[in-house]
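Bear in mind that the values here come from a model prediction, so they are computed numbers and not experimental data. Convention: sequence-line order gives letters A, B, ...; per-chain numbering from 1. All values below come from the heavy atoms of this structure, side chains included, with hydrogens, waters and symmetry mates left out.
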Amino acid sequence: MLDIQNLSIRFTRYTFGLKKKEVCIVRSLDLSVSTGQVMAVIGQSGAGKSLLAHALLGILPRNARIEGRVFFKGQPLTPERQSAIRGREIALIPQSVTYLNPLLRVGVQVARAARLSGINQKDVPATVSRAFARYLLQKKVAAWFPFQLSGGMARRVLTATATVGMADLILADEPTSGLDPITAREALGHLRELANTGKAVLLITHDIETALQVADMVTVFCAGTTVEVARADDFKGLGHLRHPYTRALWAALPTNSFIGTMKPIERTSDTGGCPFRLCCNDQDAVCGQSVPELKQAGEGWVRCHHA
Amino acid sequence: MLEARNLAYRYGKQHSWLFNDLDLRITPGEIVGLSGPSGRGKSTLAKLLAGYLPPGRGSVMVDGRPLPESGHCPVQLLFQHPELAVNPRWKAGDILAEAGPPDAALLRDLGIEPSWLARYPHELSGGELQRICLVRALAPRTRYLLCDEMTSMLDALTQASIWRTVLDIARSRELGLLVISHDQALLGKLCHRTVCYFQSDHRSSACFPAAKPSFVRKAFPVRRDSPAARTDTWAPPPPPA
């Protein structure tokens with residue numbers, strides 16, 4: 001369904017006066033999602049997870065430059081194709097509740113999304129009320145404005161907006177943050193159902209445990225690049241995880257030891273060599289010499305000299 | 001002591017009461033967890049306690065006095081969505097300076113890079129912005145901190161390191177903390193006690209003792225007379241509905 005090879009995203013920023021500087025946020029990112037699959041994307045905050053979703057829809061700001069190859073349903077994803085299919089074939093569940101129009105009642109917003117995704121005008125009211133019922137939103141909520149919603153309700157409205165149509169690829173950017181465990185499990189369960197009917201879901205999340213219940217594969221991002229692709233089953237214990245960052249992330253979960261075994265990654269090394277060596281506990285001379293390639297390990301992939 | 005007495009609130013007369021007769025006490029140095037289903041008024045309670053909304057009924061007191069009308073409020077709230085809590089036209093440095101000059105050591109502990117201070121909020125990620133808000137809320141005159149899903153948008157490593165810093169500061173300054181989260185495991189690790197309001201009857205109904213948090217007990221040695229010692233006297237959890 002979706003295949004991303006060696007994607008990088010750069011931003012130009014004015015430093016002083018008319019002087020410009022280019023900042024590389026995402027580099028050599030690889031990811032693929034196939035039909036019927038839920039691919040969870042976890043990793044460091046600020047690693048470019050949301051940027052990836054925005055790059056796929058072509059809604060990055062104008063100072064962004066994208067390189068690399070992206071294929072959607074076997075065809076290259078060009079800017080023209082992006083603007084033709086976004087909302088119809090690719091739908092986004094945005095991360096922030098600021099993506100709702102503050103001046104429009106939420107029922108109208110969901111109906112508009114349904115109409116834009118190609119649903120017949122006369123089927124729209126029924127589709128919208130089904131979507132509201134599915135996410136346990138009361139009927140009266142449709143007449144509310146976004147500022148009247150609680151955080152979790154706004155999140156569910158955003159999810160309803162993206163899933164009300166017939167998109168084949170759903171980019172879910174943190175659909176469960178701020179939801180209680182039961183509602184979160186139901187929202188993800190619905191994404192799983194959509195995948196089972198032949199769609200593909202890219203699930204960007206921090207809530208690793210809830211995501212593992214529905215995901216098939218997990219991609220781990222760190223500092224703007226893919227460091228590991230693992231099966232969801234590999235997260236049952238530390239033994240099957242291959243990259244030191246993934247292991248540190250797993251250990252830092254509140255259900256596990258809740259201890260940061262690794263320094264949080266704030267600075268990455270641009271001077272050649274592994275980008276994480278400044279923060280990694282297992283580094284040695286090899287790590288400073290070359291950037292590790294993504295290599296196959298069992299059923300997954302890993303980018304580390306020592307895996 | 002931060003105290004809510006018989007608190008009740010509703011958003012306008014056409015809406016029903018979100019909660020009724022709610023009592024809550026947080027003593028200095030105590031960490032209280034709060035959980036409950038979404039959309040039942042957890043964030044509203046936090047806004048009432050921080051003085052952003054006037055209570056419908058009841059009162060909020062700090063050391064027996066109502067919250068100050070002007071000046072620095074001793075109760076500071078960290079919002080669920082930091083992007084809505086800052087001025088989008090201010091740079092991060094100006095946002096921080098709103099609460100007085102920021103503490104350099106605190107910036108270092110939270111991993112805030114000096115280069116971030118020259119950026120606008122939309123140029124920072126949610127996690128980076130939340131840390132900026134945290135430094136702003138931890139101004140010297142703050143005595144109670146209400147964390148509304150503070151780390152739900154952060155990765156596990158950053159979450160662990162931020163909470164470690166916050167717990168260190170809370171211990172050294174005797175801050176009282178209210179932690180609102182859906183993550184029971186996180187509340188179990190952090191809090192002296194957990195309160196679960198907002199059950200189906202919308203009244204404060206259940207209190208249960210937190211699991212013995214070894215991590216917290218190490219950081220906060222419990223004295224007989226300290227508030228944390230009360231954990232032992234809380235009622236057992238109600239049977240699941």
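Only the side chain of B:Leu84 has a heavy atom closer than 4.5 Å to any heavy atom of chain A. For a residue to count as touching a neighbouring chain, one of its non-hydrogen atoms must lie under 4.5 Å from one of that chain's; by this rule A:Asp207 does not touch chain B.
A distance of 8.0 Å separates NZ of B:Lys189 from OG1 of A:Thr255, quoted to the nearest 0.5 Å. Atom CZ of residue A:Phe221 and atom CG of residue B:Asp155 lie 13.5 Å apart, to the nearest 0.5 angstrom. A distance of 10.0 Å separates CE of A:Met153 from CZ of B:Arg40, quoted to the nearest 0.5 Å. For the atom pair CZ (A:Phe258) and CG (B:Leu190), the distance works out to 5.0 Å, reported to the nearest 0.5 Å. Rounding to the nearest 0.5 Å gives a distance of 7.5 Å between OG1 of B:Thr158 and NE2 of A:His206. Atom CG of A:Asp180 is separated from atom CG of B:Asp183 by 12.5 Å, given to the nearest 0.5 angstrom.
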Report task. I would like to know whether B:His15 and A:Gln148 meet side chain to side chain contact (heavy atoms under 4.5 Å, CB included); could you show each step before the answer? Result -> CA-CA 11 Å; B:His15 294 278; A:Gln148 292 171 300; 4.2 Å; yes

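At a threshold of 4.5 Å between non-hydrogen side-chain atoms, the residues A:Pro254 and B:Gln184 do not count as touching.
Within 6.0 Å of atom CG in A:Leu104, more than 12 heavy atoms from other residues, nucleotides or ligands are found, so the atom counts as buried in its surroundings. Atom CD of A:Gln213 has more than 12 neighbouring heavy atoms from other residues, nucleotides or ligands inside a 6.0 Å radius.
Ranked by non-hydrogen atom pairs under 4.5 Å with chain A, the options B:Ser43, B:Ser152, B:Ala156, B:Ala118 are led by B:Ala156.
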